[in-house]
Amino acid sequence: MPRIAAVDPASASGRAKELFEGPLKGKHFNIFKSMAASPAVLDAYLAFSGALGQGRLTTAERELLQLAWAQARSCDYCLAAHTAIGKGSGLTEPQTVEARKGRSQDAKHQALIAFALALHEKKGLVSDAELATFKKAGYADADVAEVVANYAMATFTNYFNHVNATPVDFPAAPALS
């Protein structure tokens, strides 16, 4: 049971109703229902997510990031959601599992995941060598900035779900072996 009262989209009013009938039409997931307790929070999430969706990183790359960080933070909601979204973006289930383990068979994606986990583990204080390795894999300064911004969004959603105890409404992510 969520610890932040979920807003029922059918009885929402004001800005929450506008969001559920607009950009969230047909996407009445538990995280959004609880974020709607403060429409400003839901607006902020949608704006940040939408802006990052227009960036250089592909949807699949953003999902690899989300999976690695959700695993590092033990966010079951985000693991389930980003496994489903990742598969919808073209990742295979084994690729989603590997990202959670901090690995990828694709060299460029491996550099992305390694940089993302270094960012997490070192609280942003990555070394020159880690940054150089990331860029050598084919990423640019804009990608560095986007990884940091995606990290901020992942932190927001992971912690929101921890505080809220958001009930998972996606198929569970596969167990790691």
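All residue numbers refer to positions in the sequence shown, counting from 1. These numbers were taken from a predicted model, which means no experiment stands behind them.
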Notebook entry, point to check: With side chains defined as the heavy atoms from C-beta onward, is the minimum distance between Asp169 and Tyr77 less than 4.5 Å?
Noted result: yes
Margin query: So for atom NZ, which belongs to Lys27, do other residues, nucleotides or ligands contribute more than 12 heavy atoms lying within a distance under 6.0 Å?
Written below: no
Next item on the list: With the side chain counted from C-beta on, respond yes when Phe29 and Leu24 share a heavy-atom pair under 4.5 Å apart, and no when they do not.
Entry: no
Next item on the list: Taking the side chain as every heavy atom from C-beta outward, state whether Phe115 and Val144 have any pair of such atoms under 4.5 Å apart.
Entry: yes
Next item on the list: Look at the rings of Phe32 and Tyr45 and say which category their plane angle falls in: under 30° parallel, 30 to 60° tilted, over 60° perpendicular.
Entry: tilted
Margin query: Between Pro174 and Arg100, is there a side-chain heavy-atom distance shorter than 4.5 Å?
Written below: yes
Check: So do the side chains of Met35 and Thr157 get within less than 4.5 Å of each other, counting heavy atoms only?
Finding: yes
Checklist line | Contact check, side chains of Tyr139 and Glu61, non-hydrogen atoms, under 4.5 Å | finding: yes
Margin query: Ring of Tyr151, cation from Arg62 - is the NZ or CZ under 6.0 Å from the centre and inside 45° of the axis?
Written below: no
Check: Hey, are the side chains of Leu79 and Gln71 touching, using non-hydrogen atoms and a 4.5 Å cut-off?
Finding: yes
Note to self: If you define the side chain from C-beta out and look only at heavy atoms, does anything of Cys75 sit under 4.5 Å from Gln66?
What the structure shows: no
Notebook entry, point to check: Only one of Thr155, Ile113, Asn150 forms a side chain to side chain contact (heavy atoms under 4.5 Å, CB included) with Trp69, so which one is it?
Noted result: Asn150
Next item on the list: Name the orientation class of the two ring planes belonging to Tyr159 and His162 (parallel below 30°, tilted from 30 to 60°, perpendicular beyond 60°).
Entry: tilted
